[in-house]
Colleague: 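To start, I am sharing the structure in question, which I have written as structure tokens.
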Amino acid sequence: MDLLDNLNWRYAAKTMNGKKVSEDKIERILEAARLAPTSSGLQPFEIFVIKNQDLKEKIRPVAWNQSVVTECSHLLVFAAWDHYTSDRINYMFDLTNTIRGFKNEGWENYRQMLLDSYPQQDAEDNFNHAAKQAYIALGMAMVAATYEKVDCTPMEGFSADKVDEILGLREKGLRSTVLLPIGYRKEDEDWLVNLVKVRKPMDHLVTVIA
Ligand SMILES: Cc1cc2nc3c(=O)[nH]c(=O)nc-3n(C[C@H](O)[C@H](O)[C@H](O)COP(=O)(O)O)c2cc1C
């Protein structure tokens with residue numbers, strides 16, 4: 001199937017059948033998220049992969065009791081940095097230097113520019129910026145899932161504070177941003193599965209300026 005066929009096949013599954021997704025599929029989905037581009041390459045988020053059923057059961061009530069939270073195979077929690085700190089910025093710039101095996105003056109000047117600005121900015125603004133980057137990875141993961149013929153449901157319907165508490169995210173300098181249960185659709189019971197996909201027409205979405 002080509003990309004657009006895959007994107008038409010995917011939908012936000014409302015119910016899943018509990019069947020396990022193989023670890024190699026999950027790894028490829030996570031790799032797609034890892035490859036997501038991010039602002040300044042900082043990758044300011046982490047992804048928690050919850051396989052533990054008890055933990056999923058704990059999260060479901062704070063996620064509007066949405067059944068996919070417990071019916072999924074793997075529950076991904078995208079958690080963004082709560083702030084841009086010097087340590088976090090330096091880690092990514094040092095990693096780049098290590099992997100590429102050289103230092104570059106322009107790159108070091110850019111590092112300094114970020115160090116002189118990001119950590120001094122408002123933490124909430126920085127978190128919101130980091131969360132946007134996490135959403136790019138979410139998108140990549142969802143597209144990758146279609147290639148694995150695996151369903152997923154992007155979810156903002158949850159209490160971020162409660163999920164942070166359950167997973168101890170604040171202590172790690174992280175805040176939950178969006179959930180992605182991954183599994184297989186329960187085809188015969190999902191009210192959404194056979195409904196026509198609704199998207200606004202292209203001319204309401206795109207303005208071409210020649
Ligand atoms: C960021 C985001 C948050 C969403 N939150 C939820 C959610 O909490 N529960 C849910 O059932 N669907 C959720 N959705 C699914 C959307 O409602 C769905 O993607 C949209 O209606 C389009 O339908 P489709 O994905 O089936 O094509 C969310 C989607 C996105 C992108």
Side-chain angles (χ1 to χ4, degrees), residues 1-19 21 29-30 32-33 36-39 43-50 55-82 124 127-167 169 174-206:
M1 268 212 241
D2 74 7
L3 175 64
L4 295 183
D5 287 333
N6 279 338
L7 295 184
N8 275 302
W9 174 83
R10 78 143 288 285
Y11 78 118
K14 300 299 175 216
T15 176
M16 292 183 182
N17 63 14
K19 202 180 142 208
V21 176
I29 292 167
L30 292 171
T38 54
S39 180
Q43 294 182 273
F45 54 84
E46 295 184 24
I47 303 169
F48 291 78
V49 182
I50 301 174
L55 206 42
K56 290 189 224 162
E57 301 283 351
K58 269 194 195 149
I59 291 173
R60 180 169 163 174
V62 301
W64 300 0
N65 200 29
Q66 297 187 73
S67 66
V68 280
V69 172
T70 49
E71 293 162 353
C72 70
S73 167
H74 294 64
L75 175 65
L76 271 48
V77 179
F78 289 75
W81 290 354
D82 62 353
E124 194 67 21
F127 162 68
N128 286 326
H129 184 261
K132 285 183 197 165
Q133 316 310 311
Y135 275 84
I136 300 170
L138 170 83
M140 304 278 273
M142 288 194 290
V143 174
T146 70
Y147 279 88
E148 302 296 337
K149 279 291 156 291
V150 167
D151 288 292
C152 60
T153 312
M155 281 183 41
E156 280 180 330
F158 66 99
S159 158
D161 287 344
K162 297 263 168 53
V163 169
D164 291 355
E165 206 179 301
I166 292 168
L167 298 177
L169 295 180
L174 297 168
R175 294 172 61 178
S176 57
T177 301
V178 63
L179 309 182
L180 189 68
I182 295 180
Y184 293 100
R185 60 186 71 178
K186 207 192 270 176
E187 205 129 24
D188 47 339
E189 281 181 37
D190 196 333
W191 58 267
L192 187 57
V193 68
N194 290 320
L195 294 186
V196 173
K197 195 174 274 302
V198 178
R199 292 295 188 269
K200 59 185 180 181
M202 197 61 94
D203 63 347
H204 285 219
L205 180 71
V206 177

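What you see below is based on every heavy atom in this structure, not just the backbone, and it leaves out hydrogens, waters and symmetry mates. Along the sequence shown, residues are numbered consecutively beginning with 1. Read the numbers this way: they start at 1 and go in the same order the structure lists the ligands and their atoms. In this text, all values refer to a predicted model and were calculated from it rather than measured experimentally.
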Colleague: Could you verify whether a donor N or O on one side chain and an acceptor N or O on the other, from Tyr11 and Asp151, lie under 3.5 Å apart?
Modeller: no
Colleague: Against heavy atoms of Gln66, which atoms of ligand 1 measure under 4.0 Å?
Modeller: 7 (C), 8 (O), 9 (N), 10 (C), 11 (O)
Colleague: Is it true that the side chains of Glu156 and Tyr135 contain a donor and an acceptor less than 3.5 Å apart?
Modeller: yes
Colleague: So is Lys197 actually on top of Trp9's ring, under 6.0 Å and inside 45° of the axis?
Modeller: no
Colleague: Taking only heavy atoms of Tyr135, which atoms of ligand 1 are found under 4.0 Å from at least one of them?
Modeller: 1 (C)
Colleague: I'd like to check atom 21 (O) of ligand 1 in this structure: does the protein have a heavy atom lying under 4.0 Å from it?
Modeller: no
Colleague: Among Met155, Lys14, Arg199, which residue places a heavy atom closest to atom 17 (O) of ligand 1?
Modeller: Lys14
Colleague: May I ask whether Trp64 places a heavy atom under 4.0 Å from ligand 1?
Modeller: no
Colleague: Take Val77 and Ile47 through the test side-chain contact (heavy atoms from CB on, under 4.5 Å) and record every step on the way to the result.
Modeller: CA-CA 6 Å; Val77 179; Ile47 303 169; over 6 Å; no
Colleague: Could you tell me whether Lys162 atom NZ has more than 12 heavy atoms of other residues or ligands within 6.0 Å of it?
Modeller: no
Colleague: Near Gly157, which atoms of ligand 1 are under 4.0 Å from a heavy atom of that residue?
Modeller: 8 (O)
Colleague: Is atom 7 (C) of ligand 1 in close reach of the protein, with a heavy atom under 4.0 Å away?
Modeller: yes
Colleague: Can you check side-chain contact (heavy atoms from CB on, under 4.5 Å) on Gln43 and Gln133, steps first, answer last?
Modeller: CA-CA 7 Å; Gln43 294 182 273; Gln133 316 310 311; over 6 Å; no
Colleague: When you measure from atom 5 (N) of ligand 1 to every protein heavy atom, which one gives the shortest distance, and what is it?
Modeller: Glu156 N, 3.0 Å
Colleague: Below 4.0 Å, non-hydrogen atoms only: which portion of Met142 touches ligand 1? Side chain, backbone, both or neither.
Modeller: neither
Colleague: Going by atom types only, do Thr15 and Asp190 share a side-chain donor-acceptor pair under 3.5 Å?
Modeller: no
Colleague: So which of Ala12, Gly139, Pro154 gets nearest to atom 30 (C) of ligand 1, if we judge by its closest heavy atom?
Modeller: Pro154
Colleague: Is it the side chain (CB and beyond), the backbone, both or neither of Phe158 that lies under 4.0 Å from ligand 1, heavy atoms counted?
Modeller: neither
Colleague: I'd like to check whether Arg10 has a polar contact with ligand 1, where a contact means an N/O of the residue lying under 3.5 Å from an N/O of the ligand.
Modeller: yes
Colleague: Only one of Lys58, Met16, Lys56 clears side chain to side chain contact (heavy atoms under 4.5 Å, CB included) with Thr70; which?
Modeller: Lys56
Colleague: Would you call Glu57 and Arg60 a salt bridge, taking side-chain N to carboxylate O under 4.0 Å as the test?
Modeller: no
Colleague: How far is atom 27 (O) of ligand 1 from its nearest protein heavy atom, and which residue and atom is that?
Modeller: Lys197 NZ, 2.5 Å
Colleague: Using a strict cut-off of 4.0 Å, indicate which atoms of ligand 1 neighbour a heavy atom of Tyr11.
Modeller: 26 (O)
